[in-house]
Amino acid sequence: MRFTVSSTALSSKLNALSRVINSKNSLPILADFLFDIQDNVLYLTASDSENVMNTQVELTESDSNGRFAIGNHDLLEGVKGFSEQPITFDVNLQENIAKISYQNGLFSLPIESADEYPQAQSISEGANVINISSDLLSENINRSLFATAQDELRPVMNGIYFDLTPECLAVVASDGHKLVRNKIFSIQSEQPAAFILPKKPAALLKGLLQKDGGDVEIRFDERNAQINFSDGQIICRLIEGRYPNYNSVIPQNNPNILTVDRMGLLSALRRVQPFANDASNLIRFRVESGTLQLDAEDYDFSKTATERMSCDYSGQPMSIGFKGASFIEILSNFDCQDVIIQLADPSRAGLVLPSEQPENQDVLMLMMPMLIND
């Protein structure tokens, strides 16, 4: 079997696929890429047993159809750094060897039988379907991924929750201390459905969809999801379990409203945070009419810092504590000029919203307060 493919097209596809493969695998063949040549198209697959990613590339020429598996590391090293040029694979399925030739040389690698490569899980008939633009999905994953947990005792918190209701699609992530909830009003379903997307396929999509265009189709049942986008497909095992009632932790009555320049507050927090206690990372927010004061202290090392900035504030003067690093993460995942911080009292969660909501969306982030000693 012989086929020719563009070096840059092959290299970019293999690099994207390689993010799926683990450094240690339960099956040795999962360290391989699966090559499947059908009618002058090369279908490429990578898997870690729970996540399977497929993509394809047009071939310049091929003389027959066929399938084989080839080690990911050596092939990536072999095709890395080529300028645009044709690469020709001569594959001997009887001797299990592939000779790869290019303009100035060649190399050969062992191959394995494609029959040993595990099959992807199929999605059951009657699966739920969500159609969403790639830009919108990428934007919501980017905004939510940082808030997922790494919790062995509560695995449901380790992914992004997609909650489809008659009102909207809510995309939610939380680690118990901070929470992100994005409502997308342009996507609705009379039949409620939900799934929890694990962190790894979410991160894969985040990297793939930024350069992608068009629509994404998400098909899911109770155990698996199949995500089809213009450049390929990801099939992944979902996190099973009941996601907590995220709406119940969002305080509804927040009479104290603070509006502040996002980048100004972000810069101030980054300057003050190094002076906070390493264990607690506590930053005290003192807010009154027209002024926000940030205080950090670490008396163990005789370090303190204070910074004041102007703001718009309507409400009672208040001091409330937040974890500095988490608040920096929240502000970093907005792209608006001003943020609105809604507060009830120092013992209840603070809400952070953009001053202008994206079209057909409602974005909200929540930060649990920390105990401060006055």
- Should Glu297 and Lys303 count as an ion pair when the cut-off is N to O under 4.0 Å? no
- Item | Leu366 versus Ala349, closest heavy-atom pair with distance | CG-CB, 3.7 Å
- Task: For residues Met309 and Ala268, report the shortest heavy-atom separation together with the two atoms involved.
- Result: SD-CB, 4.4 Å
- Message: Can you see whether Ser26 engages Ser49 through a side-chain donor-acceptor pair at a distance of less than 3.5 angstrom?
- Response: no
- Please assess Tyr243 against Ser174 for the test side-chain contact (heavy atoms from CB on, under 4.5 Å), listing each intermediate value before the final yes or no. CA-CA 10 Å; Tyr243 203 81; Ser174 177; 3.9 Å; yes
- Task: Drop me the distance from Ser138's OG to Leu205's CG, to the nearest 0.5 angstrom.
- Result: 9.0 Å
- Task: Tell me, with the steps shown, if Val363 and Phe334 meet side-chain contact (heavy atoms from CB on, under 4.5 Å).
- Result: CA-CA 9 Å; Val363 178; Phe334 282 109; 3.9 Å; yes
- Message: When you measure from the side chain of Asn281 to the backbone of Ala325, do you find a donor-acceptor pair of N or O atoms at a distance under 3.5 Å?
- Response: yes
- Task: Tell me, yes or no, whether the heavy-atom count around Asp335 atom CG, taken from other residues, nucleotides or ligands under 6.0 Å, exceeds 12.
- Result: no
- Item | Gln337 side chain to Ser355 side chain, donor-acceptor N/O pair below 3.5 angstrom | no
- Does CD in Glu84 sit with more than 12 non-hydrogen atoms of other residues, nucleotides or ligands closer than 6.0 Å? yes
- Item | With Asp48, the side chain to side chain donor-acceptor pair (under 3.5 Å) member among Lys200, Arg19, Lys24 | Lys200
- Message: Using a 6.0 Å cut-off, check whether atom CD of Glu240 has over 12 heavy atoms from anything other than its own residue.
- Response: yes
- Query: According to the interplanar angle, ranging from 0 to 90°, do the rings of Phe327 and Phe285 count as parallel (below 30°), tilted (30 to 60°) or perpendicular (above 60°)?
  - Reply: tilted
- Task: Would you check if the side chain of Ser134 reaches a backbone N or O of Gly214 as a donor-acceptor pair within less than 3.5 Å?
- Result: yes
- Residues in side-chain hydrogen bond (donor to acceptor under 3.5 Å, both in side chains) contact with Glu139, at least two apart in sequence or another chain: Arg143, Gln361
- Val180, Ile330: one ILVMFWY side-chain cluster at the under-4.5 Å cut-off? yes
- Query: Rounded to the nearest 0.5 Å, what separation is found between the OG atom of Ser189 and the CG atom of Leu169?
  - Reply: 10.0 Å
- Message: Is it the case that the side chain of Ser11 and the backbone of Thr8 share a donor-acceptor pair, with hydrogens and angles ignored and the cut-off at 3.5 Å?
- Response: no
- Residues Glu112, Asp32; criterion side-chain contact (heavy atoms from CB on, under 4.5 Å); working and verdict: CA-CA 9 Å; Glu112 297 184 71; Asp32 291 3; 2.7 Å; yes
- Item | Contacts of Lys199 that satisfy side-chain contact (heavy atoms from CB on, under 4.5 Å) - sequence neighbours left out | Leu145, Thr148, Gln150
- Item | Sidechain-backbone polar pair: Ser144 side chain, Ile141 backbone, donor-acceptor under 3.5 Å | no
- Note on the structure: In short, Gly176 meets Met157 closest at the heavy-atom pair N-CE, 4.0 Å
- Have a look at Thr45 and tell me which of Thr55, Leu34, Ile235 forms a side chain to side chain contact (heavy atoms under 4.5 Å, CB included) with it. Leu34
- Sequence neighbours excluded, the answer for side-chain contact (heavy atoms from CB on, under 4.5 Å) partners of Gln293 is Arg286, Asp295, Thr306, Arg308
- For residues Leu14 and Phe33, report the shortest heavy-atom separation together with the two atoms involved. O-CZ, 3.6 Å
- So, does Gln188 use its side chain to make a donor-acceptor pair with the main chain of Cys168 at under 3.5 Å? no
- Within the distance-only criterion (no hydrogens, no angle test), does the side chain of Asn25 pair as donor or acceptor with the backbone N or O of Asn22 below 3.5 angstrom? yes
- Query: Can Asn40 and Ser62 be counted as having a side-chain donor-acceptor contact under 3.5 angstrom?
  - Reply: yes
- When clusters are formed by joining ILVMFWY residues with side-chain heavy atoms under 4.5 Å apart, either directly or through shared neighbours, do Val20 and Ile218 land in the same one? yes
- Applying salt bridge (Lys or Arg N to Asp or Glu O under 4.0 Å) to Asp151 and not counting sequence neighbours gives Arg154
Output side-chain donor-acceptor pairs under 3.5 Å for residues 63-71, partner residues at least two apart or in another chain, one line each.
from, atom 1, to, atom 2, distance (Å)
Asp63, OD1, Arg2, N, 2.9
Asp63, OD2, Arg2, N, 3.4
Asn65, OD1, Asp39, N, 2.9

- Task: Indicate if Val352 and Ile250 have the same hydrophobic cluster label, given that clusters are the connected sets of ILVMFWY residues with side-chain heavy-atom separations under 4.5 angstrom.
- Result: no
- Should we say atom NZ of Lys99 is surrounded by more than 12 heavy atoms from elsewhere, each under 6.0 Å from it? no
- Query: Under a 4.5 Å cut-off applied to non-hydrogen side-chain atoms, are Phe322 and Leu282 in contact?
  - Reply: no
- Query: Rounded to the nearest 0.5 Å, how far apart are NZ of Lys206 and CG of Leu137?
  - Reply: 12.5 Å
- Message: Counting only heavy atoms not in Lys323 (residues, nucleotides, ligands), do more than 12 fall under 6.0 Å from its NZ?
- Response: no
- Message: With a 3.5 Å distance limit and no angle check, can you tell me whether Asn72 reaches the backbone of Ala31 through a side-chain donor-acceptor pair?
- Response: yes
- Message: Can you see whether Asn54 engages Gln56 through a side-chain donor-acceptor pair at a distance of less than 3.5 angstrom?
- Response: no
- Euclidean distance, Cys311 SG relative to Leu258 CG, rounded to 0.5 Å: 4.5 Å
- Task: Could you state whether Leu353 and Val249 fall into the same hydrophobic cluster, counting links through intermediate Ile, Leu, Val, Met, Phe, Trp or Tyr residues with side-chain heavy atoms under 4.5 angstrom apart?
- Result: yes
- Item | Separation between CD1 of Ile123 and CD of Glu222, rounded to the nearest 0.5 Å | 12.0 Å
- Query: Taking all atoms of both residues into account, what is the closest heavy-atom pair of Asp261 and Gly264, and its distance?
  - Reply: OD2-N, 2.6 Å
- Message: Can you give me the closest heavy-atom contact between Asp278 and Asp298, atom names plus distance?
- Response: N-OD2, 4.1 Å
- Task: List the steps, then state whether side-chain contact (heavy atoms from CB on, under 4.5 Å) holds for Leu44 with Leu10.
- Result: CA-CA 10 Å; Leu44 295 162; Leu10 178 64; 4.2 Å; yes
- Listed partners of Asp163 passing side-chain hydrogen bond (donor to acceptor under 3.5 Å, both in side chains), at least two apart: Tyr246
- Kindly indicate, with the supporting measurements, whether the criterion side chain to side chain donor-acceptor pair (under 3.5 Å) is fulfilled by Asp312 and Thr259. CA-CA 5 Å; Asp312 290 328; Thr259 304; 5.4 Å; no
- Any side-chain donor paired with an acceptor under 3.5 Å for Ser133 and Asp135? no
- Query: So, do Tyr43 and Phe35 have ring centers that fall under 6.0 Å from each other?
  - Reply: no
- In this structure, are over 12 heavy atoms from other groups packed under 6.0 Å from Gln103 atom CD? yes
- With no hydrogens and no angle check, do the side chains of Asn140 and Asn182 hold a donor and an acceptor under 3.5 Å apart? yes
- Message: To the closest 0.5 Å, what do you measure between CE (Met365) and NZ (Lys178)?
- Response: 11.0 Å
- Establish whether Val5 and Ile111 are linked, either directly or via other cluster members, by ILVMFWY side-chain heavy-atom contacts under 4.5 Å. yes
- Message: So does Phe82 get a backbone contact from the side chain of Gln85, meaning a donor-acceptor N/O pair under 3.5 Å?
- Response: no
